[in-house]
Amino acid sequence: MDVLSVAAEVYPLIKTGGLADVAGALPGALAPHGVAMRTLLPGYPAVLGSLEDGTVVAEMGDCFGGPARLLLGRAAGLELIALDAPHLYDRPGNPYLGPDGKDWPDNWRRFAALSFAAYELGRGLVEGYRPQIAHCHDWQAALTPAYVAFNAPTRVRTVMTVHNISFQGHFGWDIFGDLRLDYRAAAEGAIEYYGGIGYLKAGLQCADAVTTVSPTYAQELRTAEFGMGLEGLLQSRADVLHGILNGIDVAAWDPARDPALAQTYSAETLPLRAVNRAALCGRFGLDDGPRPLFAVVSRLTRQKGMDMLVECIDGLVEMGGRLCVLGSGEEALEDGLGAAAARHPGRVGFIRGYDEALAHLIQGGADVILVPSRFEPCGLTQLYGLRYGCVPLVSRVGGLADTVIDANVAALDAGVATGIVFAPATTAALLDAVRRAVDLYARPGLWLKMQRRGMKSDVSWDASAEKYAALYADLLGVKRHDDQDR
Ligand code: ADP
Ligand code: GLC
């Protein structure tokens, strides 16, 4: 099966969050399941700069306001098609934001062009390459199913994956004339969203199948609390909505081989983590001690519950805990964390920024990884935590609820607990969960078992890759050799 994955970011070329990890891992995960996946992405400088053997496979005289080319090549083991359109993408840094920290004003055009290129590829723009499925990630790729549904016909089938419904690509009507989208898309209400144009709305309405990144989030999305205005549409599409859990790249995230660690280790040699813990404390200026070291690696936003975290810090320190935070985001949260670090020298450390290697060291050295999100489509940090014996403490939402088993009495008795899960997502409940973690940590035998169990849980792509492959096969009416096992 030939699948074109369409995404605005792909690890390791360009990343702002989990979407990049997933888009980067899917092709490798799907290869053993009979799927040949190429990835279409914008030709940002970081992408063009890493493309090996880039060959021009198509030229477009006018690609949404300027000339463009499609380059086929490889980078970091991925088969890529880069949309080289300097007027849209030749801008350094963050893929969505300008130097002022605000969305580029022409983002509607930048990502309409990406979706249009995907549609053209589906129509056979490049000789010898005709993907059977366009798999579109988030709003940046979400116009693709609308072009497929309303412009000149093509046989390509479309899958729309929601990684985060809070980013919807909502613009004014005035852009419609420049979208190159058949007028019927407007007439039939496929792109209208609260009086403007909704890219994600269009994708959700027009795609042949819709997926999101955990079963629980697939349920939550159909409710007013989590659907962010799109719940009605998702209810109406419930028959084609699937929740398929993300996995992680278990080769890149392997405590036994991770070059970013001060000391590698395995489930059998967990005491060696102390070396990483010491290195971590050094980096964050913390005193190493007998009480648990809590950690956060995150975008600093309300989604991630970081305001609740800030409110909990004094309590956490009072219980003897230490905390290190790596992240950047909303200014008030950065200020709150900076102030907490100043208030609790040696106990609380905050490094503002983005640092992939340090994120690894944190998972390999801290005792608890905190993910107190208000909503979390899947979440990858808790999966890295499980894999690294860094016990996850998470709120009971979305993919967090699907991947961590709370250490309640029943789960401890049954020997299945892998972390601490709390609800509702409030400051009080978070602080209570921190207290539970401190108490559990004081029972080293029990803690060690919980770490080991987490390290054994399957966080790989295996099961989910099979689900994506089965979904593609269903859409294409392809019979697969392992169908009888399903
Ligand atoms: P989201 O995509 O909503 O931000 P995920 O948990 O799915 O959340 O993915 C976040 C990814 O970004 C993980 O790979 C995490 O390690 C990484 N990450 C987030 N913030 C930072 C940071 N400040 N430095 C390094 N890595 C980070
Ligand atoms: C989004 C979500 C996150 C998910 C990631 C990858 O950024 O916020 O929960 O893990 O996409 O699917």
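First listed ligand is number 1; within each ligand, the first listed atom is number 1.
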Heteroatom distance test (H163, ligand 2): nitrogen or oxygen, under 3.5 angstrom: yes
Looking only at distances, can you tell me whether any N or O atom of G18, backbone or side chain, sits closer than 3.5 Å to an N or O atom of ligand 2? no
For [X] and [Y], indicate whether the former's side chain and the latter's backbone hold a donor-acceptor pair under 3.5 Å.
X    : Y    : value
R322 : D287 : yes
R222 : G227 : no
Y44  : E9   : no
T161 : H137 : no
R347 : V317 : no
N94  : Y96  : yes

In terms of residue, atom name and distance, what is the protein heavy atom nearest to [atom]?
atom                    : value
atom 15 (C) of ligand 1 : T381 CG2, 3.8 Å
atom 22 (C) of ligand 1 : Y354 CD1, 3.4 Å
atom 4 (C) of ligand 2  : G379 N, 3.7 Å
atom 5 (P) of ligand 1  : L380 N, 3.6 Å
atom 2 (O) of ligand 1  : G18 N, 2.6 Å
atom 3 (C) of ligand 2  : E376 OE2, 3.3 Å
atom 12 (O) of ligand 1 : K15 CE, 3.6 Å

Before signing off on this row, confirm whether S328 and ligand 1 have an N or O atom pair separated by under 3.5 Å. no
Go through the side-chain N and O atoms of N276 and Q363 and say whether any donor and acceptor fall under 3.5 Å apart. no
Is it true that Q382 and T403 share a donor-acceptor pair across their side chains at a distance under 3.5 Å? yes
Kindly say whether the aromatic ring centers of F226 and Y217 come within a distance under 6.0 Å. no
Ring centroid separation F171 to Y199 under 6.0 Å: yes
Counting from 1, what ligand 1 atoms have a heavy atom of [X] closer than 4.0 Å?
X    : value
G353 : 22 (C), 23 (N)
G327 : 23 (N)
D355 : 24 (N), 25 (C)
S298 : 20 (N)

Is it the side chain, the backbone, both or neither of V22 that has a heavy atom closer than 4.0 Å to ligand 2? side chain
Ligand 2 versus N246, non-hydrogen atoms closer than 4.0 Å: side chain, backbone, both, neither? side chain
Ignoring hydrogens, just give me the one of R299, K304, E9 whose non-hydrogen atom is nearest atom 8 (O) of ligand 1. K304
With a 4.0 Å cut-off, would you call D106 and R91 a salt bridge? yes
Heavy-atom gap [X] to ligand 1 smaller than 4.0 Å:
X    : value
Y11  : no
G379 : yes
A20  : no

Contact list for residues 343-374, test ring pair (Phe, Tyr, Trp, His ring centres under 6.0 Å), sequence neighbours left out: W253-H360
Sub-4.0 Å heavy-atom approach of G399 to ligand 2: no
If you count the atoms of ligand 2 from 1 in the order shown, which ones are under 4.0 Å from a heavy atom of Q303? 8 (O)
Output all residues satisfying side chain to side chain donor-acceptor pair (under 3.5 Å) with T426, sequence neighbours left out; order by chain, then residue number. none
